[in-house]
Protein chains: 2
Amino acid sequence: MGGMTTARPRARRADAERSIARILAAARARLAADPNATTDDIAKAAGVGRMTLYGHFRTRAELVEAAMVDALRAAEEPLAAVDLEGDARTVMERLLESSWELVAESGALLDAAQGVLPAGRLRELHEGPAKRVEELIERGREEGAFRTDLPTVWLVSVVHYILHGAAAERTAGRLRKAEAGPVAVKSVLSVLAA
Amino acid sequence: MGGMTTARPRARRADAERSIARILAAARARLAADPNATTDDIAKAAGVGRMTLYGHFRTRAELVEAAMVDALRAAEEPLAAVDLEGDARTVMERLLESSWELVAESGALLDAAQGVLPAGRLRELHEGPAKRVEELIERGREEGAFRTDLPTVWLVSVVHYILHGAAAERTAGRLRKAEAGPVAVKSVLSVLAA
DNA sequence: TAGAACTCGTACATCTACGTACGAGATAAG
DNA sequence: CTTATCTCGTACGTAGATGTACGAGTTCTA
(Lines give C-alpha, C1' and ligand atoms only; values in the text may rest on other atoms or scores of the structure.)
Protein backbone atom coordinates (compact mmCIF):
# COMPACT_ATOMS: atom_id res chain seq x y z
CA MET A 1 0.00 0.00 0.00
CA GLY A 2 1.22 3.48 -0.81
CA GLY A 3 0.98 5.09 2.62
CA MET A 4 -2.69 6.08 2.51
CA THR A 5 -4.55 4.84 5.53
CA THR A 6 -7.98 5.16 3.93
CA ALA A 7 -9.14 4.54 0.40
CA ARG A 8 -11.42 7.59 0.44
CA PRO A 9 -11.07 9.40 -2.88
CA ARG A 10 -11.40 12.82 -1.33
CA ALA A 11 -12.04 14.45 2.05
CA ARG A 12 -15.56 15.33 3.15
CA ARG A 13 -16.58 18.93 3.10
CA ALA A 14 -16.90 20.70 6.45
CA ASP A 15 -20.67 21.12 6.29
CA ALA A 16 -21.04 17.43 5.55
CA GLU A 17 -19.06 16.58 8.67
CA ARG A 18 -21.33 18.85 10.64
CA SER A 19 -24.46 17.26 9.24
CA ILE A 20 -23.22 13.78 10.02
CA ALA A 21 -22.40 14.77 13.59
CA ARG A 22 -25.84 16.27 14.11
CA ILE A 23 -27.56 13.25 12.60
CA LEU A 24 -25.61 10.84 14.80
CA ALA A 25 -26.38 12.86 17.92
CA ALA A 26 -30.06 12.98 17.03
CA ALA A 27 -30.13 9.28 16.22
CA ARG A 28 -28.60 8.40 19.57
CA ALA A 29 -31.09 10.55 21.44
CA ARG A 30 -34.19 9.53 19.53
CA LEU A 31 -33.42 5.84 19.27
CA ALA A 32 -32.56 5.65 22.96
CA ALA A 33 -35.93 7.20 23.76
CA ASP A 34 -37.88 5.17 21.20
CA PRO A 35 -36.41 2.12 19.47
CA ASN A 36 -38.92 2.56 16.64
CA ALA A 37 -38.03 6.15 15.84
CA THR A 38 -38.26 6.71 12.10
CA THR A 39 -35.66 8.20 9.82
CA ASP A 40 -37.97 11.17 9.50
CA ASP A 41 -38.08 11.67 13.28
CA ILE A 42 -34.32 11.55 13.43
CA ALA A 43 -33.80 13.91 10.50
CA LYS A 44 -36.21 16.42 12.03
CA ALA A 45 -34.50 16.16 15.41
CA ALA A 46 -31.17 16.72 13.70
CA GLY A 47 -32.53 19.75 11.90
CA VAL A 48 -31.74 18.40 8.47
CA GLY A 49 -33.85 17.15 5.59
CA ARG A 50 -34.57 13.48 5.33
CA MET A 51 -32.75 13.37 2.00
CA THR A 52 -29.60 14.72 3.57
CA LEU A 53 -29.74 11.88 6.02
CA TYR A 54 -30.03 9.35 3.20
CA GLY A 55 -27.10 11.05 1.52
CA HIS A 56 -24.89 9.91 4.38
CA PHE A 57 -26.52 6.68 5.47
CA ARG A 58 -27.87 4.35 2.84
CA THR A 59 -30.33 2.52 5.02
CA ARG A 60 -31.91 2.85 8.42
CA ALA A 61 -29.94 -0.19 9.57
CA GLU A 62 -26.69 1.49 8.64
CA LEU A 63 -27.70 4.55 10.62
CA VAL A 64 -28.64 2.50 13.66
CA GLU A 65 -25.30 0.75 13.55
CA ALA A 66 -23.41 4.02 13.20
CA ALA A 67 -25.32 5.49 16.15
CA MET A 68 -24.51 2.42 18.19
CA VAL A 69 -20.83 2.61 17.32
CA ASP A 70 -20.78 6.31 18.15
CA ALA A 71 -22.47 5.79 21.51
CA LEU A 72 -20.17 2.95 22.44
CA ARG A 73 -17.15 5.01 21.50
CA ALA A 74 -18.46 7.85 23.64
CA ALA A 75 -19.05 5.48 26.54
CA GLU A 76 -15.60 3.98 26.22
CA GLU A 77 -13.94 7.31 26.81
CA PRO A 78 -14.88 8.00 30.46
CA LEU A 79 -14.66 4.28 31.20
CA ALA A 80 -11.06 4.23 30.07
CA ALA A 81 -10.27 7.32 32.13
CA VAL A 82 -11.47 5.86 35.42
CA ASP A 83 -8.87 5.49 38.10
CA LEU A 84 -8.47 1.78 38.79
CA GLU A 85 -6.72 2.19 42.15
CA GLY A 86 -8.48 0.94 45.23
CA ASP A 87 -10.86 -1.89 46.01
CA ALA A 88 -13.32 -3.08 43.40
CA ARG A 89 -16.33 -1.56 45.08
CA THR A 90 -14.81 1.90 45.11
CA VAL A 91 -13.70 1.60 41.52
CA MET A 92 -17.13 0.43 40.44
CA GLU A 93 -18.68 3.37 42.22
CA ARG A 94 -16.38 5.82 40.44
CA LEU A 95 -17.00 4.10 37.14
CA LEU A 96 -20.76 4.22 37.45
CA GLU A 97 -20.85 7.79 38.64
CA SER A 98 -18.86 8.97 35.68
CA SER A 99 -20.59 6.98 32.99
CA TRP A 100 -23.89 5.47 34.03
CA GLU A 101 -25.84 7.61 31.60
CA LEU A 102 -23.71 6.63 28.64
CA VAL A 103 -23.91 2.97 29.57
CA ALA A 104 -27.67 3.24 29.91
CA GLU A 105 -27.89 4.96 26.54
CA SER A 106 -25.89 2.20 24.90
CA GLY A 107 -28.24 -0.34 26.42
CA ALA A 108 -31.26 1.47 25.04
CA LEU A 109 -29.65 1.60 21.61
CA LEU A 110 -29.07 -2.11 21.86
CA ASP A 111 -32.84 -2.48 21.99
CA ALA A 112 -33.19 -0.40 18.86
CA ALA A 113 -30.53 -2.43 17.08
CA GLN A 114 -32.18 -5.69 18.07
CA GLY A 115 -33.71 -7.11 14.95
CA VAL A 116 -32.22 -4.66 12.47
CA LEU A 117 -28.66 -5.86 12.89
CA PRO A 118 -27.50 -9.47 12.76
CA ALA A 119 -27.15 -10.89 16.26
CA GLY A 120 -23.47 -11.63 15.80
CA ARG A 121 -22.67 -8.06 14.83
CA LEU A 122 -24.43 -6.80 17.97
CA ARG A 123 -22.48 -8.99 20.32
CA GLU A 124 -19.30 -8.04 18.53
CA LEU A 125 -19.91 -4.32 18.98
CA HIS A 126 -21.06 -4.58 22.55
CA GLU A 127 -18.21 -6.82 23.58
CA GLY A 128 -15.55 -4.22 24.23
CA PRO A 129 -17.29 -2.02 26.82
CA ALA A 130 -19.06 -4.97 28.43
CA LYS A 131 -15.69 -6.63 28.89
CA ARG A 132 -14.55 -3.74 31.01
CA VAL A 133 -17.45 -4.11 33.43
CA GLU A 134 -17.06 -7.85 33.44
CA GLU A 135 -13.39 -7.72 34.33
CA LEU A 136 -14.06 -5.37 37.20
CA ILE A 137 -16.74 -7.65 38.53
CA GLU A 138 -14.44 -10.64 38.28
CA ARG A 139 -11.81 -8.73 40.17
CA GLY A 140 -14.31 -7.84 42.87
CA ARG A 141 -15.25 -11.47 43.24
CA GLU A 142 -11.63 -12.48 43.68
CA GLU A 143 -11.12 -9.74 46.24
CA GLY A 144 -14.13 -10.97 48.17
CA ALA A 145 -15.94 -7.66 47.72
CA PHE A 146 -18.56 -8.97 45.29
CA ARG A 147 -20.85 -11.94 45.63
CA THR A 148 -20.03 -15.26 44.02
CA ASP A 149 -23.39 -16.96 44.42
CA LEU A 150 -24.68 -15.60 41.12
CA PRO A 151 -23.18 -16.08 37.65
CA THR A 152 -20.93 -13.27 36.44
CA VAL A 153 -22.85 -13.03 33.19
CA TRP A 154 -25.97 -12.22 35.15
CA LEU A 155 -24.23 -9.62 37.30
CA VAL A 156 -23.06 -7.87 34.16
CA SER A 157 -26.57 -7.95 32.74
CA VAL A 158 -28.28 -6.77 35.88
CA VAL A 159 -26.05 -3.72 35.98
CA HIS A 160 -27.37 -2.81 32.55
CA TYR A 161 -30.98 -3.47 33.45
CA ILE A 162 -30.79 -1.28 36.55
CA LEU A 163 -29.06 1.57 34.74
CA HIS A 164 -31.56 1.35 31.90
CA GLY A 165 -34.37 1.40 34.43
CA ALA A 166 -33.04 4.45 36.20
CA ALA A 167 -32.75 6.30 32.91
CA ALA A 168 -36.29 5.32 31.97
CA GLU A 169 -37.72 6.39 35.33
CA ARG A 170 -36.01 9.73 35.01
CA THR A 171 -37.35 10.20 31.50
CA ALA A 172 -40.82 9.30 32.74
CA GLY A 173 -40.51 11.92 35.45
CA ARG A 174 -40.76 9.46 38.35
CA LEU A 175 -37.19 10.23 39.41
CA ARG A 176 -35.75 13.71 39.54
CA LYS A 177 -32.81 14.33 37.24
CA ALA A 178 -30.37 14.76 40.10
CA GLU A 179 -31.41 11.71 42.07
CA ALA A 180 -31.44 9.17 39.25
CA GLY A 181 -27.68 8.79 39.23
CA PRO A 182 -27.08 8.15 42.93
CA VAL A 183 -30.12 5.90 43.06
CA ALA A 184 -28.82 3.78 40.20
CA VAL A 185 -25.33 3.55 41.66
CA LYS A 186 -26.56 2.53 45.10
CA SER A 187 -28.86 -0.10 43.66
CA VAL A 188 -26.17 -1.65 41.51
CA LEU A 189 -23.70 -1.79 44.38
CA SER A 190 -26.29 -3.51 46.56
CA VAL A 191 -26.77 -6.27 44.02
CA LEU A 192 -23.04 -6.77 43.53
CA ALA A 193 -22.05 -6.71 47.20
CA ALA A 194 -20.95 -9.98 48.75
CA MET B 1 -82.40 -1.48 35.88
CA GLY B 2 -84.16 -4.78 35.45
CA GLY B 3 -81.72 -7.09 37.17
CA MET B 4 -79.45 -7.80 34.18
CA THR B 5 -75.83 -7.17 35.01
CA THR B 6 -74.71 -7.05 31.37
CA ALA B 7 -76.40 -5.75 28.27
CA ARG B 8 -75.20 -8.68 26.15
CA PRO B 9 -78.08 -9.79 23.93
CA ARG B 10 -77.06 -13.43 23.96
CA ALA B 11 -74.33 -15.70 25.34
CA ARG B 12 -71.24 -16.48 23.29
CA ARG B 13 -71.03 -19.86 21.70
CA ALA B 14 -68.60 -22.39 23.16
CA ASP B 15 -66.23 -22.38 20.19
CA ALA B 16 -66.07 -18.61 20.31
CA GLU B 17 -65.02 -18.73 23.95
CA ARG B 18 -62.33 -21.21 23.01
CA SER B 19 -61.05 -19.02 20.19
CA ILE B 20 -60.91 -15.97 22.40
CA ALA B 21 -58.98 -17.87 25.06
CA ARG B 22 -56.46 -19.15 22.52
CA ILE B 23 -56.04 -15.72 21.00
CA LEU B 24 -55.46 -14.09 24.37
CA ALA B 25 -52.91 -16.73 25.35
CA ALA B 26 -51.10 -16.30 22.05
CA ALA B 27 -51.19 -12.52 22.33
CA ARG B 28 -49.67 -12.62 25.81
CA ALA B 29 -46.89 -14.94 24.70
CA ARG B 30 -46.05 -13.21 21.44
CA LEU B 31 -46.33 -9.65 22.69
CA ALA B 32 -44.21 -10.42 25.72
CA ALA B 33 -41.53 -11.82 23.43
CA ASP B 34 -41.84 -9.05 20.83
CA PRO B 35 -43.73 -5.81 21.48
CA ASN B 36 -44.16 -5.34 17.73
CA ALA B 37 -45.76 -8.71 17.04
CA THR B 38 -48.39 -8.31 14.33
CA THR B 39 -51.99 -9.43 14.45
CA ASP B 40 -51.02 -12.01 11.85
CA ASP B 41 -48.25 -13.40 14.08
CA ILE B 42 -50.67 -13.66 16.96
CA ALA B 43 -53.44 -15.27 14.92
CA LYS B 44 -51.00 -17.84 13.55
CA ALA B 45 -49.66 -18.58 17.04
CA ALA B 46 -53.22 -19.00 18.24
CA GLY B 47 -53.98 -21.37 15.40
CA VAL B 48 -56.88 -19.28 14.10
CA GLY B 49 -57.37 -17.18 10.99
CA ARG B 50 -56.63 -13.50 11.14
CA MET B 51 -60.27 -12.75 10.37
CA THR B 52 -61.42 -14.71 13.37
CA LEU B 53 -59.20 -12.56 15.51
CA TYR B 54 -60.76 -9.42 14.07
CA GLY B 55 -64.15 -10.90 14.74
CA HIS B 56 -63.43 -10.71 18.46
CA PHE B 57 -61.14 -7.71 18.72
CA ARG B 58 -61.87 -4.71 16.57
CA THR B 59 -58.40 -3.25 16.58
CA ARG B 60 -54.91 -4.25 17.50
CA ALA B 61 -55.01 -1.78 20.39
CA GLU B 62 -58.10 -3.47 21.78
CA LEU B 63 -56.34 -6.81 21.61
CA VAL B 64 -53.25 -5.49 23.35
CA GLU B 65 -55.37 -4.06 26.11
CA ALA B 66 -57.29 -7.31 26.52
CA ALA B 67 -54.02 -9.27 26.67
CA MET B 68 -52.74 -6.89 29.30
CA VAL B 69 -55.89 -7.20 31.38
CA ASP B 70 -55.76 -10.97 31.11
CA ALA B 71 -52.10 -11.13 32.14
CA LEU B 72 -52.66 -8.82 35.09
CA ARG B 73 -55.63 -10.88 36.20
CA ALA B 74 -53.50 -14.01 35.97
CA ALA B 75 -50.73 -12.37 37.95
CA GLU B 76 -53.13 -11.18 40.61
CA GLU B 77 -54.19 -14.71 41.43
CA PRO B 78 -50.98 -16.14 42.94
CA LEU B 79 -50.19 -12.75 44.44
CA ALA B 80 -53.45 -12.80 46.34
CA ALA B 81 -52.84 -16.35 47.52
CA VAL B 82 -49.49 -15.61 49.13
CA ASP B 83 -49.28 -16.15 52.85
CA LEU B 84 -48.65 -12.76 54.46
CA GLU B 85 -47.45 -14.14 57.79
CA GLY B 86 -43.87 -13.45 58.80
CA ASP B 87 -41.40 -10.67 58.22
CA ALA B 88 -41.50 -8.64 55.03
CA ARG B 89 -38.38 -10.20 53.59
CA THR B 90 -39.77 -13.72 53.91
CA VAL B 91 -43.10 -12.70 52.46
CA MET B 92 -41.41 -10.96 49.54
CA GLU B 93 -39.38 -14.07 48.86
CA ARG B 94 -42.50 -16.24 48.82
CA LEU B 95 -44.29 -13.75 46.65
CA LEU B 96 -41.53 -13.55 44.07
CA GLU B 97 -40.96 -17.28 43.94
CA SER B 98 -44.59 -17.92 43.20
CA SER B 99 -45.16 -15.21 40.66
CA TRP B 100 -42.02 -13.66 39.29
CA GLU B 101 -42.68 -14.98 35.80
CA LEU B 102 -46.15 -13.54 35.66
CA VAL B 103 -44.96 -10.21 36.94
CA ALA B 104 -42.17 -10.19 34.37
CA GLU B 105 -44.67 -11.04 31.63
CA SER B 106 -46.89 -8.17 32.65
CA GLY B 107 -43.91 -5.86 32.50
CA ALA B 108 -43.08 -7.00 29.00
CA LEU B 109 -46.67 -6.45 27.92
CA LEU B 110 -46.45 -2.99 29.37
CA ASP B 111 -43.77 -2.30 26.78
CA ALA B 112 -46.05 -3.53 24.03
CA ALA B 113 -48.90 -1.39 25.30
CA GLN B 114 -46.70 1.68 25.51
CA GLY B 115 -47.75 3.93 22.68
CA VAL B 116 -50.85 2.05 21.61
CA LEU B 117 -52.83 2.76 24.76
CA PRO B 118 -53.28 6.19 26.36
CA ALA B 119 -50.81 6.67 29.20
CA GLY B 120 -53.57 7.15 31.75
CA ARG B 121 -55.21 3.87 30.88
CA LEU B 122 -51.91 2.06 31.34
CA ARG B 123 -51.27 3.41 34.77
CA GLU B 124 -54.87 2.63 35.71
CA LEU B 125 -54.53 -1.02 34.70
CA HIS B 126 -51.15 -1.52 36.24
CA GLU B 127 -52.09 0.12 39.50
CA GLY B 128 -53.72 -2.80 41.26
CA PRO B 129 -50.91 -5.36 41.15
CA ALA B 130 -48.21 -2.72 41.62
CA LYS B 131 -50.01 -1.57 44.75
CA ARG B 132 -49.56 -4.97 46.28
CA VAL B 133 -45.80 -4.89 45.82
CA GLU B 134 -45.66 -1.32 46.98
CA GLU B 135 -47.52 -2.03 50.20
CA LEU B 136 -45.25 -4.91 51.03
CA ILE B 137 -42.20 -2.74 50.47
CA GLU B 138 -43.67 -0.02 52.69
CA ARG B 139 -44.28 -2.58 55.37
CA GLY B 140 -40.70 -3.83 55.09
CA ARG B 141 -39.42 -0.30 55.50
CA GLU B 142 -41.44 0.19 58.65
CA GLU B 143 -40.22 -3.12 60.03
CA GLY B 144 -36.65 -2.07 59.38
CA ALA B 145 -36.09 -4.96 57.00
CA PHE B 146 -35.93 -2.87 53.83
CA ARG B 147 -33.83 0.16 53.07
CA THR B 148 -35.19 3.67 53.40
CA ASP B 149 -32.45 5.56 51.60
CA LEU B 150 -34.12 5.15 48.22
CA PRO B 151 -37.61 6.27 47.18
CA THR B 152 -40.31 3.61 47.38
CA VAL B 153 -41.39 4.32 43.83
CA TRP B 154 -37.92 3.41 42.63
CA LEU B 155 -37.81 0.21 44.68
CA VAL B 156 -41.08 -0.88 43.09
CA SER B 157 -39.71 -0.11 39.66
CA VAL B 158 -36.40 -1.81 40.16
CA VAL B 159 -38.16 -5.01 41.14
CA HIS B 160 -39.83 -4.96 37.75
CA TYR B 161 -36.67 -4.16 35.85
CA ILE B 162 -34.79 -7.02 37.48
CA LEU B 163 -37.56 -9.53 36.91
CA HIS B 164 -37.91 -8.40 33.32
CA GLY B 165 -34.16 -8.75 32.89
CA ALA B 166 -34.09 -12.25 34.29
CA ALA B 167 -36.86 -13.31 31.94
CA ALA B 168 -35.03 -11.76 29.00
CA GLU B 169 -31.74 -13.44 29.89
CA ARG B 170 -33.46 -16.75 30.14
CA THR B 171 -35.15 -16.28 26.77
CA ALA B 172 -31.80 -15.34 25.27
CA GLY B 173 -30.30 -18.52 26.65
CA ARG B 174 -27.80 -16.81 28.91
CA LEU B 175 -29.53 -18.16 32.01
CA ARG B 176 -30.78 -21.70 32.34
CA LYS B 177 -34.51 -22.05 32.86
CA ALA B 178 -34.13 -23.40 36.37
CA GLU B 179 -31.68 -20.80 37.61
CA ALA B 180 -33.45 -17.67 36.34
CA GLY B 181 -35.99 -17.69 39.16
CA PRO B 182 -33.63 -17.99 42.13
CA VAL B 183 -31.24 -15.53 40.52
CA ALA B 184 -33.99 -12.96 40.11
CA VAL B 185 -35.26 -13.42 43.65
CA LYS B 186 -31.83 -13.11 45.22
CA SER B 187 -31.04 -10.01 43.22
CA VAL B 188 -34.26 -8.29 44.15
CA LEU B 189 -33.86 -9.06 47.83
CA SER B 190 -30.33 -7.63 47.77
CA VAL B 191 -31.56 -4.34 46.41
CA LEU B 192 -34.40 -4.13 48.90
CA ALA B 193 -32.42 -5.14 51.99
CA ALA B 194 -31.69 -2.46 54.55
C1' DT C 1 -82.37 -30.82 11.89
C1' DA C 2 -83.16 -25.90 11.19
C1' DG C 3 -81.15 -21.74 12.11
C1' DA C 4 -78.00 -18.80 14.17
C1' DA C 5 -73.33 -18.15 15.32
C1' DC C 6 -68.79 -18.76 14.16
C1' DT C 7 -64.60 -19.69 11.09
C1' DC C 8 -61.67 -18.13 7.79
C1' DG C 9 -59.91 -17.43 2.94
C1' DT C 10 -59.59 -13.95 -0.72
C1' DA C 11 -59.66 -9.60 -2.12
C1' DC C 12 -59.31 -4.86 -1.36
C1' DA C 13 -58.52 -0.06 0.49
C1' DT C 14 -55.51 2.60 3.45
C1' DC C 15 -51.62 4.09 5.93
C1' DT C 16 -47.03 4.47 7.15
C1' DA C 17 -42.24 4.03 6.54
C1' DC C 18 -38.38 2.93 3.65
C1' DG C 19 -35.63 3.99 -0.09
C1' DT C 20 -34.89 6.09 -5.01
C1' DA C 21 -34.91 9.66 -8.67
C1' DC C 22 -34.51 14.14 -10.13
C1' DG C 23 -33.07 18.68 -9.95
C1' DA C 24 -32.65 23.44 -8.41
C1' DG C 25 -30.26 26.17 -5.25
C1' DA C 26 -26.76 26.99 -1.48
C1' DT C 27 -22.08 26.52 0.20
C1' DA C 28 -17.42 25.20 0.85
C1' DA C 29 -12.70 24.60 -1.37
C1' DG C 30 -9.07 25.81 -4.29
C1' DC D 1 -14.80 32.83 -9.30
C1' DT D 2 -15.37 28.43 -10.65
C1' DT D 3 -16.35 23.96 -9.64
C1' DA D 4 -17.45 20.10 -7.10
C1' DT D 5 -19.94 19.04 -3.14
C1' DC D 6 -23.71 19.30 -0.33
C1' DT D 7 -28.64 20.40 0.98
C1' DC D 8 -33.21 19.31 0.62
C1' DG D 9 -37.94 19.59 -1.43
C1' DT D 10 -41.18 17.02 -4.32
C1' DA D 11 -42.54 13.13 -6.26
C1' DC D 12 -42.54 8.32 -6.88
C1' DG D 13 -42.30 3.12 -6.25
C1' DT D 14 -42.43 -0.58 -2.88
C1' DA D 15 -43.41 -3.27 1.10
C1' DG D 16 -45.68 -4.50 5.29
C1' DA D 17 -49.41 -3.97 8.51
C1' DT D 18 -54.04 -2.56 9.71
C1' DG D 19 -58.76 -2.96 9.11
C1' DT D 20 -63.06 -3.81 5.87
C1' DA D 21 -66.15 -6.42 2.67
C1' DC D 22 -67.96 -10.43 0.95
C1' DG D 23 -69.28 -15.03 1.08
C1' DA D 24 -69.00 -19.99 1.35
C1' DG D 25 -68.50 -23.54 4.55
C1' DT D 26 -68.61 -25.40 9.35
C1' DT D 27 -70.17 -26.09 14.03
C1' DC D 28 -72.71 -25.19 17.96
C1' DT D 29 -77.43 -24.84 20.08
C1' DA D 30 -82.10 -25.45 20.70
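We name chains A, B, ... by the order of the sequence lines, and we start the count at 1 in each one. Computed from heavy atoms alone, side chains included, the values below leave out hydrogens, waters and symmetry copies.
- Atom pair B:Glu17:CD and C:dA5:P shows a separation of 15 Å (rounding to whole Å applied).
- Relative to the side chain of B:Tyr54, the nucleotides C:dC6, D:dT18, C:dG19 differ in distance, and D:dT18 lies closest.
- With distances taken from any side-chain atom of B:Arg13 to the nucleotides C:dA5, D:dT5, C:dC8, the minimum falls on C:dA5.
- In the set D:dT7, C:dC18, C:dC6, D:dT7 carries the atom at the smallest distance from any side-chain atom of A:Thr52.
- One can place CZ of B:Arg60 at 15 Å from P of C:dT16, the figure rounded to the nearest angstrom.
- Of all nucleotides listed (D:dA17, D:dC6, D:dA21), D:dA17 comes nearest to the side chain of B:Thr38.
- Residue B:Arg139 is tested with B:Glu142, B:Glu143, B:Glu135 for a side-chain hydrogen bond (donor to acceptor under 3.5 Å, both in side chains); the sole match is B:Glu143.
- When each of B:His56 and B:Arg50 is assigned the nucleotide of DNA chain C with its nearest heavy atom, B:His56 is the one assigned upstream, toward the 5' end.
- Residues A:Ala184 and A:Ala166 share a closest heavy-atom pair of CB-CB, 3.6 Å.
- Each of C:dT7, D:dT7, D:dC28 was ranked by its minimum atom distance to the side chain of B:Ala14; first place goes to D:dC28.
- Summary of the strand contacts: B:Arg18 and B:Ala37 both lie near DNA chain D, and taking for each the nucleotide with the nearest heavy atom, the more 5' one is attributed to B:Ala37.
- Picking from C:dT20, C:dC18, D:dA21 the nucleotide with the shortest atom distance to the side chain of A:Met51 gives C:dT20.
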